[in-house]
Asker: 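One structure is given below, represented as structure tokens, and several questions about it will come after.
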2 protein chains.
Amino acid sequence: MNAHALTIGHLARETGTKVETIRFYEKSGLLPAPARTEGNYRSYDRAHLNRLSFIRRARDLGFSLDQIRDLLALSDDRGQSCAAVDAIAKEHRAEVERKITDLRSLKKELDRMIDQCGCGVVADCRIIESLSPRQ
Amino acid sequence: MNAHALTIGHLARETGTKVETIRFYEKSGLLPAPARTEGNYRSYDRAHLNRLSFIRRARDLGFSLDQIRDLLALSDDRGQSCAAVDAIAKEHRAEVERKITDLRSLKKELDRMIDQCGCGVVADCRIIESLSPRQ
DNA sequence: CTACAGTCTGTAGTGACTACAGGGTCAAGA
DNA sequence: TCTTGACCCTGTAGTCACTACAGACTGTAG
């Protein structure tokens, strides 16, 4: 393997990704299949490392693999309008906002439930009661 | 089928659950297997309906099926201390709080990213740039 | 009697990995 | 040269909480 080539293990360490996950990204078509060495090892270059870093950063920001696929396709087409990128990001942000709203009202309900618990026996438990259907 | 017996479809409508989901809960051991009619249809009673309502309400509140299994076991044991119930609920609330915190900092990052987008061409796109690794 | 709604079992798909099993490859030290 | 051990390969199955189907059977209204 030449000086610029990276094994899958190097790529994994550099990007904080598990080896299995990298192979999974390849199978999912997110990361192009690299060249192979004589011993059939994957041989990556800088471009692969950059692409994987992109994927991981986008995953950290909660983008789905489908969205990342789209973002990668757009970022490969440097002349295209950035509006599509903007749309994906905004759609994702809206989703995140929805989740925050949902979780906040969830937390309020849990707070109410837990506040009422006198911690006696289950028969009098307000938590169980508030989960049970009124007859 | 007698007057008090319910088909799986009735149960589904009453609780807003899909028929497949009810069967899945049975297979998962959350809902006890009901009696069968001559034609091999599941025949539910009020107790099943109550139990399924409990499960659905707990699911709406985001409890995992494992947690619900535990809550159901506790609620069946009316004399036991309510502390275990309280612990499950608090653990779940803590998890929800963690998620809210994570999503909020995520949203901040997305806001920053999106604010910078001048919506020109992809080559100048700040969103793509902030996803790309610095070389 | 026929149409059709409802139910049955069993299997496979979802998303984004993760965890093996059972092998092969490679580099360093004895 | 041999061996050890780290690394890599493929392929499959597991996770969670469902959901969707295929292909068959049952029940009911007209």
Asker: Could you give the start and end, 5' to 3', of the contact zone on DNA chain C for chain A, using atoms under 4.0 Å from its heavy atoms?
Answerer: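 For DNA chain C, the relevant span reads dA16(C) to dC26(C).
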
Asker: The criterion is side-chain hydrogen bond (donor to acceptor under 3.5 Å, both in side chains); which residues satisfy it with D70(A), sequence neighbours excluded?
Answerer: none

Asker: Please state whether the phosphate of dC18(D), meaning OP1 or OP2, lies under 4.0 angstrom from any side-chain nitrogen or oxygen of R59(B).
Answerer: yes

Asker: Tell me, please, which residues at least two apart from F63(A) pass side-chain contact (heavy atoms from CB on, under 4.5 Å).
Answerer: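 For F63(A), the residues satisfying side-chain contact (heavy atoms from CB on, under 4.5 Å) (neighbours in sequence not counted) are A58(A), L61(A), Q67(A), I68(A), L71(A), I88(A), A89(A), H92(A), L110(B), M113(B).
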
Asker: Atom pairs under 3.5 Å, N or O on each side, protein against nucleotides 27-30 of chain D: can you list them with distances?
Answerer:
residue	atom	partner	partner atom	Å
dG27(D)	OP1	G39(B)	N	3.4

Asker: Tell me which residues in residues 21-28 of chain B lie within less than 4.0 Å of DNA chain D, going by non-hydrogen atoms.
Answerer: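 Under 4.0 Å from DNA chain D: T21(B), F24(B), Y25(B).
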
Asker: Any heavy-atom pair between the side chains of H48(A) and R42(A) that's under 4.5 Å?
Answerer: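 No. Closest side-chain heavy atoms not under 4.5 Å.
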
Asker: S81(A) side chain to A83(A) main-chain N or O, any donor-acceptor pair under 3.5 Å?
Answerer: yes

Asker: I'd like to check the side-chain contact (heavy atoms from CB on, under 4.5 Å) partners of K99(B); sequence neighbours left out, ordered by chain and number.
Answerer: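 K99(B): side-chain contact (heavy atoms from CB on, under 4.5 Å) contacts with L103(A), E95(B).
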
Asker: When you measure from the side chain of R57(A) to the backbone N and O of S130(B), does any donor-acceptor pair fall under 3.5 Å?
Answerer: yes

Asker: Quick one: list whatever passes side-chain hydrogen bond (donor to acceptor under 3.5 Å, both in side chains) with E91(A), sequence neighbours left out.
Answerer: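 side-chain hydrogen bond (donor to acceptor under 3.5 Å, both in side chains) check on E91(A) returns nothing, list empty.
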
Asker: Identify whether the distance between the nearest side-chain nitrogen and carboxylate oxygen of E109(B) and R93(A) falls below 4.0 Å.
Answerer: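 Looking at E109(B) and R93(A), the cut-off is not met.
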
Asker: Mind listing the residues from residues 60-68 of chain B sitting with a heavy atom below 4.0 Å of DNA chain D? Number order is fine.
Answerer: S64(B), L65(B)

Asker: Let me know the distance between CD1 of I55(B) and C1' of dA17(D), rounded to the nearest Å.
Answerer: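 Those two atoms, CD1 and C1', are 13 Å apart.
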
Asker: Out of dC9(D), dC18(D), dC8(D), which nucleotide sits closest to the side chain of R56(B)?
Answerer: dC18(D)

Asker: Does anything in residues 112-128 of chain B pair up under salt bridge (Lys or Arg N to Asp or Glu O under 4.0 Å), and if so which pairs, sequence neighbours excluded?
Answerer: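 The answer is R126(B)-E129(B).
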
Asker: Do Y25(B) and T21(B) have side-chain heavy atoms sitting under 4.5 Å apart?
Answerer: yes

Asker: Please identify each residue that fulfils side-chain hydrogen bond (donor to acceptor under 3.5 Å, both in side chains) with D66(B), with sequence neighbours left out.
Answerer: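 By the side-chain hydrogen bond (donor to acceptor under 3.5 Å, both in side chains) rule, D66(B) matches R69(B).
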
Asker: Do L65(B) and F24(B) make a side-chain contact, defined as non-hydrogen atoms from C-beta onward lying under 4.5 Å apart?
Answerer: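 In short, these two side chains touch, coming nearer than 4.5 Å.
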
Asker: May I ask you to test the C117(A)-C82(B) pair for a side-chain heavy-atom distance under 4.5 Å?
Answerer: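 Yes. Closest side-chain heavy atoms under 4.5 Å.
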
Asker: Identify, with sequence neighbours excluded, every residue that meets salt bridge (Lys or Arg N to Asp or Glu O under 4.0 Å) alongside R56(B).
Answerer: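 Salt bridge (Lys or Arg N to Asp or Glu O under 4.0 Å) list for R56(B), sorted by chain: empty.
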
Asker: Measure the shortest side-chain to side-chain distance between L6(B) and D45(B) over non-hydrogen atoms and say whether it is less than 4.5 angstrom.
Answerer: no

Asker: If a pair means Watson-Crick or G-U wobble with both distances below 3.5 Å, what does DNA chain D look like in dot-bracket form, with | marking bases paired to a different strand?
Answerer: ||||||||||||||||||||||||||||||

Asker: Tell me: CG of L30(B) to P of dC16(D), nearest whole Å?
Answerer: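 Whole-Å distance recorded here is 12 Å.
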
